[in-house]
Amino acid sequence: MATFQPLPGFRDFYPEDFTRRRHIFRVWRQTANAFGFQEYDAPVLEQLELYTTKSGEEIEGQLFSFTDKGGREVALRPEMTPTVCRMVGARAGALKRPIKWFSVAEFYRYERAQKGRLRAFSQFNGDIFGEAGPEAEIELIALLIQCLAGFGLTKDDFYVRLSDRDLWFFYLEALGFNDEQSRTILSAVDRYEKMGDEAFKSYAEVHGAIDAALKERVLGFLKIKSLAELEAALAPFNSGKLTARLADWRKVLSGVAAMGLADFITVDLGVVRGLAYYTGFVFEAFDRKGDLRALAGGGRYNNLVKKLGGPDLPAVGFAIGDVTTGLLLEQRGLMPTFVSAPDLYAVIGGESERKAAFADIQALRAAGYRVEYPFKELAFGKQFKAAAESGAKLALIYGSEELAKSIVKIRDMSDRTEREVPRDQVLAAVRDALAGG
RNA sequence: GCGGUCAUAGCUCAGUUGGUUAGAGCACAAGAUUGUGAAUCUUGGGGUCGCGGGUUCGAGUCCCGUUGGCCGCCCCA
């Protein structure tokens, strides 16, 4: 029994695990590339203050943070948003707008692990900077959907819930709540799905019992599930802010619909997300069955770049996690089984034949072919068995009989046919044989 | 941070009311088989039964602690 294990919440990636992770990353990268996003990366370790500035001092309890040997307070990154804001902020003046960036990176959070949540996990992060209008949301929501649909997931497997923190604040303001009251109500809205009426308890404690009629209007609002309902709910108000937000909602929903993605998105004002820093649309992706944690989440954060020391730059972004995505793909049978097979397997007679084989093996590998051969001298029968098990398309036979004739025998492993080619034409013959198959 | 539950080979698991040297299948390796393939047979390596303590003549089995996994709560950037 091994004495040493990975730390809690951390994973080893044995080759078969690694191929699954690589598949996820590959789909994400291909999708982001198709959407015209540029990939970046950044240090795993950042100043602790980058995170406390964004999220408050309390966040430190959930970070892998420590003092380095130079006395700096540092933390392993728990998310990408502060980092990308720092990077974009530093060069905002020189970057062509809109700034469309993505990353695939590992993050670390000091939290108790549970289903779909580990202490080390990977995320796809996609962000758009420099676009204040809902065009950025359309682009990102489409990217999010395709980042999941790219695995073969359909509208029956997952969906995106769209909400809006600004709309909530404007609505609550129109109902007569002040800013502080609105914040308390929003945190209740955030929990309402889980807790029901209990969620409003803390509001009563701080601001006194909520007016029953107003509470009904809040509950009615959070249950809104369509644009039509939203329009109806806002009709009685004569507020320029609400009218403008409604126009943005129409733009986002019609844009997504025009891309043929309407079935993937639902209006759901019950989604607020805990974050104080979101400033407009927020969205989350969930599996339809609802037995997994959120697949992805994001929204608009127009104040953050400035808050972290950069220019005033509007921004929208989201992240997809690898853990929940992987669980969903396994659940739906969409995680392919990966076979890793060489192109060629060299069957080698003895030590003297090995020298000749090595020369060709190296030349073939330099040409890009994946070639394997047995390390130790083995009976031919064993070598053919090994060649078959490896999945190689061709076997190259370097026996004494072949080398005496200055030829190599090439055996097609699928139809068991063999042909002889002169030693100096092996590369061309291999190229020819593999091109056809 | 809190609660529940589990822990025997790389994997899936068996192991009787506590009883001698802890087993199987799969996987891995060798041989039967030194010029041609997924079969079969034989054999082998691999375990301080998560770790530590206690009870007992005797603990994989019972008790306590601890570490880790899983599930849930809090939180969820």
Side-chain angles (χ1 to χ4, degrees), chain A residues 1-12 14-17 46 50-56 58-63 75-85 107-119 121 123 125 127 187 190-191 194-195 198 271-278 282 284 291-299 301 304 308 317-319 321 323-324 327 345 347-351 353 374-392 394-404 409-418:
Chain A
M1 190 56 61
T3 307
F4 294 108
Q5 305 167 44
L7 288 166
F10 284 72
R11 294 168 288 177
D12 286 327
Y14 283 83
E16 61 271 27
D17 308 311
E46 293 268 16
L50 181 64
Y51 304 113
T52 54
T53 299
K54 180 206 159 210
S55 306
E58 325 80 64
I59 197 70
E60 193 175 348
Q62 319 226 34
L63 296 178
L76 288 172
R77 61 185 176 198
E79 56 165 327
M80 194 54 109
T81 307
T83 297
V84 71
C85 286
F107 301 93
Y108 310 87
R109 296 180 184 176
Y110 199 87
E111 297 179 294
R112 190 65 189 265
Q114 53 186 264
K115 188 179 183 186
R117 184 173 80 180
L118 300 173
R119 285 185 168 182
F121 56 91
Q123 281 185 345
N125 272 260
D127 293 273
S187 78
D190 193 30
R191 297 173 191 198
K194 265 189 186 173
M195 302 171 59
E198 278 287 296
V271 176
V272 188
R273 288 173 76 75
L275 295 311
Y277 69 88
Y278 281 119
V282 291
E284 292 194 323
D291 49 18
L292 294 173
R293 306 175 66 83
L295 292 160
Y301 49 98
L304 197 53
L308 293 173
F318 71 89
V323 181
T324 310
L327 287 172
Y345 191 98
V347 172
I348 301 168
E351 280 312 309
E353 289 80 23
F375 280 175
K376 298 276 161 52
E377 203 168 326
L378 274 184
F380 268 63
K382 283 253 188 247
Q383 295 194 55
F384 281 104
K385 192 174 172 181
E389 283 174 355
S390 78
L394 302 176
L396 302 180
I397 303 164
Y398 291 86
S400 52
E401 294 167 17
E402 287 79 7
L403 292 180
K409 211 178 269 174
I410 299 181
R411 178 179 179 85
D412 186 314
M413 296 302 288
S414 56
D415 62 15
R416 304 189 178 210
T417 58
E418 290 181 355

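Chain naming here is simple, since letters A, B, ... match the order of the sequence lines and numbering starts at 1 in each.
- For B:C41, the paired nucleotide is B:G31, the pair qualifying as Watson-Crick or G-U wobble because both relevant distances are below 3.5 Å.
- Between the CD1 atom of A:Ile59 and the C1' atom of B:A77 there is a distance of 6 Å, given to the nearest Å.
- Side-chain proximity of A:Lys382 to the nucleotides B:G35, B:G72, B:G31 is greatest for B:G31.
- Each of B:A38, B:U36, B:G69 was ranked by its minimum atom distance to the side chain of A:Lys409; first place goes to B:U36.
- Distance from the side chain of A:Glu111 is smallest to B:A77 among B:A77, B:G68, B:G35.
- Residues A:Glu79 and A:Leu7 each lie close to RNA chain B; by heavy-atom proximity, the contact nearer the 5' end of the strand is made by A:Leu7.
- Scanning atom types as modelled, one donor and one acceptor separated by under 3.5 angstrom connect the side chain of A:Glu402 and the base of B:G35.
- Across all strands shown, nothing is found opposite B:G46 as a Watson-Crick or G-U wobble partner with both distances under 3.5 Å.
- Between A:Leu378 atom CG and B:A30 atom P there is a gap of 7 Å when expressed in whole angstrom units.
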Item to complete: Could you walk me through whether A:Glu111 and A:Arg119 pass salt bridge (charged side-chain N to carboxylate O under 4.0 Å, His left out), step by step?
Response: CA-CA 6 Å; A:Glu111 297 179 294; A:Arg119 285 185 168 182; over 6 Å; no

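- Distance noted for atom P between B:U42 and B:A22: 24 Å (whole Å).
- Across A:Ile348 and A:Glu353, no two heavy atoms sit closer than the pair CG2-C, 4.0 Å.
- Between A:Phe10 atom CZ and B:C70 atom C1' the separation is 18 Å, expressed in whole Å.
- The NZ-P distance, from A:Lys115 to B:C74, rounds to 17 Å in whole Å.
- Closest to the side chain of A:Arg416, out of B:G37, B:A77, B:C76, is B:G37.
- The distance between atom CD of A:Glu377 and atom P of B:A30, rounded to the nearest whole Å, is 14 Å.
- No engagement by A:Gln383 is indicated, since no non-hydrogen atom pair under 4.0 Å with the nucleic acid exists.
- Put simply, the side chain of A:Gln5 and the base of B:U67 share no donor and acceptor less than 3.5 Å apart.
- Counting to the nearest Å, the C1' atom of B:U36 and the CG atom of A:Leu394 are 15 Å from each other.
- Across all strands shown, B:U36 remains unpaired; no Watson-Crick or G-U wobble contact has both distances below 3.5 Å.
- Remark: A:Arg411 qualifies as a cation-pi partner of A:Phe384 under the 6.0 Å distance and 45° angle criteria applied to the six-membered ring.
- For the C1' atoms, the distance from B:U34 to B:U21 is 40 Å, rounded to whole Å.
- The minimum heavy-atom distance linking A:Tyr301 with A:Gly317 is given by the pair CE2-N, 3.5 Å.
- For B:G3, the paired nucleotide is B:C71, the pair qualifying as Watson-Crick or G-U wobble because both relevant distances are below 3.5 Å.
- Across all strands shown, B:A77 has no partner, as no Watson-Crick or G-U wobble contact with both distances under 3.5 Å is found.
- Side-chain contact annotation: A:Glu46 with A:Thr83, donor-acceptor N/O pair under 3.5 Å present.
- Residue-to-nucleotide contacts include a donor-acceptor pair under 3.5 Å from the side chain of A:Arg117 to the base of B:C75.
- For the pair A:Asp415 and A:Gly116, both in contact range of RNA chain B, the more 5′-proximal nearest nucleotide belongs to A:Asp415.
- B:C75 atom P lies 20 Å from atom CG of A:Leu118, rounded to whole Å.
- Taking atom C1' on both nucleotides, B:C13 is separated from B:G72 by 27 Å, rounded to a whole Å.
- Going from the P atom of B:C63 to that of B:G47 covers 28 Å, rounded to whole Å.
- Listed nucleotides: B:A39, B:A77, B:G3. Nearest to the side chain of A:Lys385: B:A39.
- Between A:Arg77 and B:A77, a side-chain N or O to OP1/OP2 separation shorter than 4.0 Å is absent.
- Across all strands shown, the partner of B:G23 is B:C13, judged by Watson-Crick or G-U wobble contacts whose two distances both fall under 3.5 Å.
- Listed nucleotides B:C76, B:U34, B:C71 differ in distance to A:Arg293; the shortest reach to its side chain belongs to B:C76.
- Nucleotides B:G25 and B:G4, compared at atom C1', are 32 Å apart to the nearest Å.
- Aromatic ring orientation, A:Phe10 versus A:Tyr108: parallel (interplanar angle below 30°, classes split at 30° and 60°).
- Here the nucleotide nearest the side chain of A:Pro8, chosen from B:U36, B:G35, B:G69, is B:G69.
- For A:Arg112 and B:C74, the CZ to P distance is 15 Å, given to the nearest whole Å.
- Residue contacts for A:Arg11: at a heavy-atom cut-off of 4.0 Å it reaches no nucleic acid atom on any strand shown.
- In terms of heavy-atom proximity, A:Arg293 sits nearest to A:Lys115 at CD-O, 2.8 Å.
- A:Gly9 comes within 4.0 angstrom of sugar-phosphate atoms only, judged by non-hydrogen atoms across all strands, and of no base.
- Across all strands shown, B:C64 is found opposite B:G52 as a Watson-Crick or G-U wobble partner, with both distances under 3.5 Å.
- The C1' atoms of B:G10 and B:G46 are separated by 9 Å, rounded to the nearest whole Å.
- In plain terms, the two heavy atoms of A:Phe121 and A:Pro78 that are nearest each other are CZ-O, 4.1 Å.
- Both thresholds, 5.5 Å between centres and 30° between ring planes, are not jointly met by A:Phe384 relative to the base of B:G37, so the two rings are not stacked.
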